[in-house]
Amino acid sequence: MVGSELSCAFLTYSRPLGPYPELKFPTLVSRLGQSHVQPSLLFFRTSPTSRGTARFLNETRIIPPLAYTACITALKAIEKSTDAVELHFADEEGDPYAVELAGRIGGYVVGNDSDFVVLNTQGYLGYIPLEEMTWYASVSPEAPSHEEDSGFEEVRKPKSKRRPVANPNTGRGIIPPSGDEPTLSLTIYKPDLLAAHLKIPVTLLPLVGALVGNDFTLQPESGRRNVQSLFFDKQLSLSQRITRVASTIQAILSPQAQRRKKPKHQVDSVMDLIDRAVNALLARLVTTIGSGEIDSIVEKIVEATLQYAIPKHADNSLLPLNVCALHPDDACPLLPLISRRVELEKSSNSDIRDETLQHAIEIRAQYLEAYRHGNLSPKVFDPLSSGTFWPRLFLENPDLETVSRSIGRPVREWIYAVLDDAVGLPDTLDEENELEEVEEEEDDLDELVDVVESNSESDSDDDFLAPLKGELHRLHGSGSQGPSTLTVLHTQPSRPPIVTEYLRRGTRVAQEAVTVKSIHELLESVSLGSLGSIPVLSLPFEDRFTAFLRAMGSDIPPVRSLPKEQVIPVIAVRWVVRTLQLRAEETGSKEREKEKWSRREAHCFLAAFSSPDAPQDATFPILDRNVQLTAQILQSLESIELLSQTLLLTATLPSSVHHFSGRAFHRLLTDSTVPESGTISSNLMDASGFGLESAFREDHSVKSRKTKKRLDNSKNRLGNPQALDYAQQEFPDDLAGVPRDRIEFYSYTKVEGERRVVRISEFAWVPTIARLLRTDVVDICIKPVPSDNKESAPPCYLDVPKVDTSASVPSSPKRSSSPLPTTRRPRSWFGKR
């Protein structure tokens, strides 16, 4: 997309997302269920034939983990190659940041989110939907015409439906068509034109979005009704809902309505406007809703509106990228998230030259620089912002434990410990502190009574959300006192920090609390307790790298000697193999034993970084096991990448996930062949399995091929020479001097429902032994010596020669048996012993 835009002489500013706001959590949970859990459930409940079609895969597609990392890698490569691209990373919710950035530079926002229509600020030119971008390319004059081909013309039945033919010279979306000098057609939505059409001030568009329904109000909280279901009838379309909300606000603000009302009913504040708008939309249900529920709805609408309020600044130019390109240091919402440790050290020690305080300041600066340059994922800031973590869910078996818990959580425990040691996580407050905070919030809400005069149409350009800026600063934690106003970190925390993870549990997304362990405890568990005297991030690179390898169980020479871009993939596959082995040993379950990886599967994963992908039209079955292997390794890769970023190792351990091909991985697994030796080096294979020889399972596909080969070879030779050797070895007294051609083997079988004895011929030995059970017995018989003076006639088929000596040998070499007495007993062929 960026390359296409550059060809059109655009100056591109990319804006990746920041940490998730708490108000958006219900929407995120709902989206995860719809876009990740439900497609996985549908995939595993569909037959392999049906789910392998391109249409099914397209309809149930899931954005894979590490897509963000691969995208950032591509954008950074383009940024290095041209001056027309700049990367900016949002402080928190990305939509307001993008609009504010566009307002500073006088540009547009390109995306697929209708929120960009209601967001507005000075200098913002409008929103361009990606879906409505159309490319046109001129046709080359040398291109031959179909009509001049060879005198043939297409014949079509008169009543046949003509299918639309895709024009190769046009295209929709971000990819331009092939051709000379392509042109781009855009659709631009301007907030001021929308506000003029709705006849409301442009600054009230965020309020319209909150009332109609946005990411912060559409999903109800637990046990509560959806707000929009209370506002509107089910029959109303989206456009009709927008019109009704706009007309309601217009009626409240109109001068005619103000004159008809008594002075005490005038709109004296923004809170009064929101309260009256909510009550007007709830007029049809006013008798069934209590005052407490109405107050809760009003508060939710206020918070949702504030998320879209963009503060005004005297200087609209971009700031130097020391802390933030849009906000001064004391107003940047990102800085307080990484200042807890600094504020704690300042409160406990006033000496600015204190070594511990200097360590905290240096770590804060390193984290800020890493994030601004794309070397620190926004997911790392979710525990710092809201005390939560959202692992990327992917296609996995819904009947099994999620890999986010089994594979990823042990790695994330290290991430939480490092973050708490470096910059500090939000403390777990007790109930009394929480009650005090609620009372303070209620006191702050009482202060929102600023008067807004709305008695003339000339006030349409006023910022009706300006009185709520104080509340906005309170929510962002950036008041006039700067980051020092943080109250989430205390000198004596009541209990260890807790991070709430949102994982798949069955067929839904649920919360799970994880108590953060001490970094000293984790370092001692890997024999590095001596490194805990100072913060981990203040240690030299070699010590941090050693802690990283020890934590992942891969501090071995073969891994250290690898090229830096191969270290993380090898550690990821080693982590999966080692984790699954420990799980199998803990329970002794056969199911856990089956989860273990084979060496060939590990080599297939490593080969997927360099193996050429299959053609797009090539098809291969998508097996359940291969899907689960992919989910496990992607979760391992994502978690280990985040740990590497948290330890600030990215500059030395570059990410290589953009080279990984999931399609190639599935193809290699399906081929049931060992990857070619030239695809991955011997050092890479040795490092992936060093010290884990017993952790791999036996490859059943290789075993089946070997068994088939042995069976094929047995057809060209006699089947029982080994059986004769084993029989004479087990019963030397009875069979040592007996010629081998007189030794025969018999077993029991059912013929017409009766248990009978049959002789095992030389050619039937291998398949017969393969079918026997461990408790079955093979009888050894000795044929009588043939008479010299009488020509022996061939025995009849159903006759059994007389037995000189009989013995028994078990069908399995692992089971020993005593020989039968050497009494001579005649046997009937179908007789019983």
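Keep in mind that this is a model prediction, so the values were computed, not measured.
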With distance as the sole test, does [X] use its side chain to make a donor-acceptor pair with the main-chain N or O of [Y] at under 3.5 Å?
| X | Y | result |
| --- | --- | --- |
| Arg505 | Gln511 | yes |
| Asp115 | Asp95 | no |
| Asp382 | Thr388 | no |
| Ser636 | Gln632 | no |
| Arg392 | Ser404 | no |
| Ser81 | Ile78 | yes |
| Arg341 | Ala360 | no |
| Ser525 | Leu522 | yes |
| Arg364 | Ile338 | no |

Checklist outcome for this item: With sequence neighbours left out, the residues meeting ring-ring contact (aromatic ring centres under 6.0 Å, His included) with Phe381 are Tyr371
Next on the checklist: If the condition is ring-ring contact (aromatic ring centres under 6.0 Å, His included), which residues does Tyr502 pass it with, not counting sequence neighbours?
Outcome noted: Phe25, Trp390
So do [Y] and [X] actually touch side chain to side chain, heavy atoms under 4.5 Å?
| X | Y | result |
| --- | --- | --- |
| Leu334 | Arg372 | yes |
| Thr402 | Phe394 | no |
| Arg560 | Val567 | no |
| Val526 | Asp555 | no |
| Ile640 | Phe548 | yes |
| Pro497 | Tyr416 | no |
| His659 | Glu565 | no |
| Val509 | Leu393 | yes |

List in chain and number order the residues that pass salt bridge (charged side-chain N to carboxylate O under 4.0 Å, His left out) with [X], two or more places apart in sequence or in another chain; answer none if no residue qualifies.
| X | answer |
| --- | --- |
| Glu501 | Arg409, Arg412 |
| Glu369 | none |
| Arg578 | none |
| Glu524 | none |

Next on the checklist: Tell me whether Lys76 at atom NZ has more than 12 heavy atoms from other residues, nucleotides or ligands lying less than 6.0 Å away.
Outcome noted: yes
Checklist entry - In terms of heavy-atom contacts, does CD1 of Ile63 have more than 12 from other residues, nucleotides or ligands at under 6.0 Å? => result no
How many angstroms lie between [atom1] in [X] and [atom2] in [Y], if you round to the nearest 0.5 Å?
| X | Y | atom1 | atom2 | result |
| --- | --- | --- | --- | --- |
| Cys604 | Trp597 | SG | CH2 | 9.0 Å |
| Leu523 | Lys517 | CG | NZ | 12.5 Å |
| Leu642 | Leu637 | CG | CG | 10.5 Å |
| Leu344 | Ser339 | CG | OG | 12.0 Å |
| Ile415 | Ser377 | CD1 | OG | 9.5 Å |
| Arg504 | Glu396 | CZ | CD | 4.0 Å |

Checklist entry - Is Arg104 salt-bridged to Glu100, going by a charged N under 4.0 Å from an acidic O? => result yes
Item to check | Basic-acidic side-chain contact under 4.0 Å: Asp427, Arg495 | outcome: no
Next on the checklist: For a side chain to side chain contact (heavy atoms under 4.5 Å, CB included) check, start with the C-alpha distance between Arg599 and Glu693, then their side-chain angles and the critical distance, and finish with the verdict.
Outcome noted: CA-CA 9 Å; Arg599 287 185 178 274; Glu693 290 77 10; 3.6 Å; yes
Would you list the atom pairs, donor with acceptor, under 3.5 Å between side chains in residues 570-577 and any protein atom, with sequence neighbours excluded?
from   : atom 1 : to     : atom 2 : distance (Å)
Arg574 : NE     : Ser554 : OG     : 3.1
Arg574 : NH1    : Ala687 : O      : 3.0
Arg574 : NH1    : Phe690 : O      : 2.7
Arg574 : NH2    : Gly553 : O      : 3.4
Arg574 : NH2    : Phe690 : O      : 3.3
Trp575 : NE1    : Ile407 : O      : 3.0

Item to check | Qualifying side chain to side chain donor-acceptor pair (under 3.5 Å) pairs with a residue from residues 640-651, counting only residues at least two apart or across chains | outcome: Glu641-Ser655
Checklist entry - For residues Gln366 and Glu362, is any side-chain donor paired with an opposing acceptor at under 3.5 Å? => result no
Next on the checklist: Assess the residue pair Val411 and Met552 against the criterion (side chain to side chain contact (heavy atoms under 4.5 Å, CB included)); give the C-alpha distance rounded to whole Å, side-chain angles, the decisive distance to 0.1 Å, and a yes or no.
Outcome noted: CA-CA 8 Å; Val411 184; Met552 298 295 97; 4.0 Å; yes
Checklist entry - Can we call the ring centroids of Phe605 and Phe660 under 6.0 Å apart? => result yes
Item to check | Verdict with supporting geometry, Phe545 and Thr652, side chain to side chain contact (heavy atoms under 4.5 Å, CB included) | outcome: CA-CA 10 Å; Phe545 184 52; Thr652 309; over 6 Å; no
Got a sec, which residues hit side-chain contact (heavy atoms from CB on, under 4.5 Å) with [X], two or more places apart in sequence or on another chain?
| X | result |
| --- | --- |
| Val627 | Phe43, Phe44, Leu395, Ile622, His666 |
| Ser561 | none |
| Ala70 | His658 |
| Gln566 | Leu562, Pro563, Leu684 |

Next on the checklist: Set out, in order, the CA-CA distance, both residues' side-chain angles and the distance that settles side chain to side chain contact (heavy atoms under 4.5 Å, CB included) for Phe89 and Ile72, then state yes or no.
Outcome noted: CA-CA 10 Å; Phe89 294 83; Ile72 295 301; 3.8 Å; yes
